[in-house]
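Per chain, numbering begins at 1; letters A, B, ... match sequence-line order.
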Number of protein chains: 2
Amino acid sequence: MEKTGMNNQESLLKLENFLCFAIYSTANAVTRAYQPRLAALGLTYPQYLVMVVLWEEENQTVKAIGDKLSLDSGTLTPLLKRLEAAGLITRRRDTVDERQVLIGLTADGRAMRAQAEAVPIAMGKAFGCTMDEAKSLRSELIAMRDNLVESIDEVK
Amino acid sequence: MEKTGMNNQESLLKLENFLCFAIYSTANAVTRAYQPRLAALGLTYPQYLVMVVLWEEENQTVKAIGDKLSLDSGTLTPLLKRLEAAGLITRRRDTVDERQVLIGLTADGRAMRAQAEAVPIAMGKAFGCTMDEAKSLRSELIAMRDNLVESIDEVK
DNA sequence: CGCAATTAAATTGTGTGCAACTTAATATGC
DNA sequence: GCATATTAAGTTGCACACAATTTAATTGCG
């Protein structure tokens, strides 16, 4: 006689076996952990990432920022408007290619960088792992992310 | 003469060195990758997680579901109302402790489990890693998540 | 017992993410 | 050269996340 097939021990449908859930819940925890450390700067975590991208290189297009962060204009446009309203960035149309909007830093935005240096240091302790562990985990995650992104194109 | 201190090569403020960003962007990719595979079920990724929790055990409180998924009532209440509107779950006050709301499955919600079995199989391929890699990555992430959660309490 | 503290959900408000679509500008092929 | 395709931002609508607050019920403690 066959078993029902339901509630069998080896089921793939168990939350504790889900790699996806480990990623999902860790990402939520990352955002929550950054929040009190970013409060002094008045930034949200995604806003902080945009600022990091701009501290590396000023005057990038929305598209370029989106490629680096894997975010589209639907997410970035309102976020950038908030950073502009906060007086941290500038937005101006590219005169050569008027489809593009160039994002620059204000003096305040540039000055914030010094304060922001403390954030990764504080967060490094919070993660509670060695530099080497962080490095290998990062590269494993990125490889997996690229696999996932590739698989999306295949399904569609 | 001292250098400006800006743009130095060893800066901790570089996106490509961020473990947090690897987690963040992988989590976003996870949600996007699940979406086409969950479309047949009419579920979002967080809704799917709630259904997984309920397939493991029916009649759990909102609190119990929230503990398992690290989500609060602010997220769960509207999500559960949508699952109820979709005819997949039931919501009723606990008669013993009227503060609590017990979440159960409807026949449709229970029946969906069989279809859902295909999802982890399809996603396993999308992740593109071995079972062992997935296991070790999962435990590393969960350890890190717990470290992060602990650190939040310390900061506050 | 009686009342302050705690707990569970729900509510409110803000800020993402992202699909789908629109608008405007540039690139491309014939 | 010019119609068509492509591209970049922006817009709209929906569904999370989560902080902060509210409401109602239960616990705990003197």
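When the side-chain nitrogen and oxygen atoms of A/Thr31 are compared with OP1 and OP2 of D/dC18, none of them lie within a distance under 4.0 Å. For the pair A/Arg91 and D/dG10, the criterion of a side-chain N or O lying under 4.0 Å from OP1 or OP2 is met. Residue B/Thr77 places none of its side-chain N or O atoms closer than 4.0 Å to OP1 or OP2 of C/dT11. Side-chain nitrogen and oxygen atoms of A/Thr44 include at least one within less than 4.0 Å of the OP1 or OP2 phosphate oxygen of C/dT16. The side chain of B/Arg99 places no N or O atom within less than 4.0 Å of a non-bridging phosphate oxygen (OP1 or OP2) of C/dA10. Taking only side-chain nitrogens and oxygens, A/Arg92 never comes nearer than 4.0 Å to OP1 or OP2 of D/dA9. At C/dA25, none of the side-chain N or O atoms of A/Lys63 fall inside 4.0 Å of OP1 or OP2 (strictly under the cut-off). An OP1 or OP2 oxygen of C/dG17 is reached within less than 4.0 angstrom by a side-chain nitrogen or oxygen of B/Tyr24. Residue A/Gln100 has no polar side-chain atom (N or O) positioned under 4.0 Å from OP1 or OP2 of D/dA9.
Side-chain atoms of A/Ser73 and base atoms of D/dG10 include a donor and an acceptor less than 3.5 Å apart.
Between B/Leu148 and A/Met123 the shortest side-chain heavy-atom distance falls below 4.5 Å. Annotation: side chain of B/Leu88 is not in contact with side chain of B/Leu105 (no heavy-atom distance under 4.5 Å).
Atom P of nucleotide C/dA24 and atom CZ of A/Arg93 are separated by 11 Å, given to the nearest angstrom.
Annotation: A/Tyr24 is in aromatic contact with B/Tyr45 [ring centroid separation under 6.0 Å].
Relative ring orientation between B/Phe127 and B/Tyr34 is described as perpendicular, the plane-to-plane angle rising above 60° on a 0-90° scale split at 30° and 60°.
Residue whose closest nucleotide on DNA chain D sits further toward the 5' end, between B/Gly74 and A/Lys81: A/Lys81. Nearest-nucleotide mapping onto DNA chain C: of A/Asp72 and A/Leu79, the residue sitting toward the 5' end is A/Leu79.
Looking at the side chain of B/Arg32, the nearest of the listed nucleotides D/dA25, D/dA9, C/dC18 is C/dC18.
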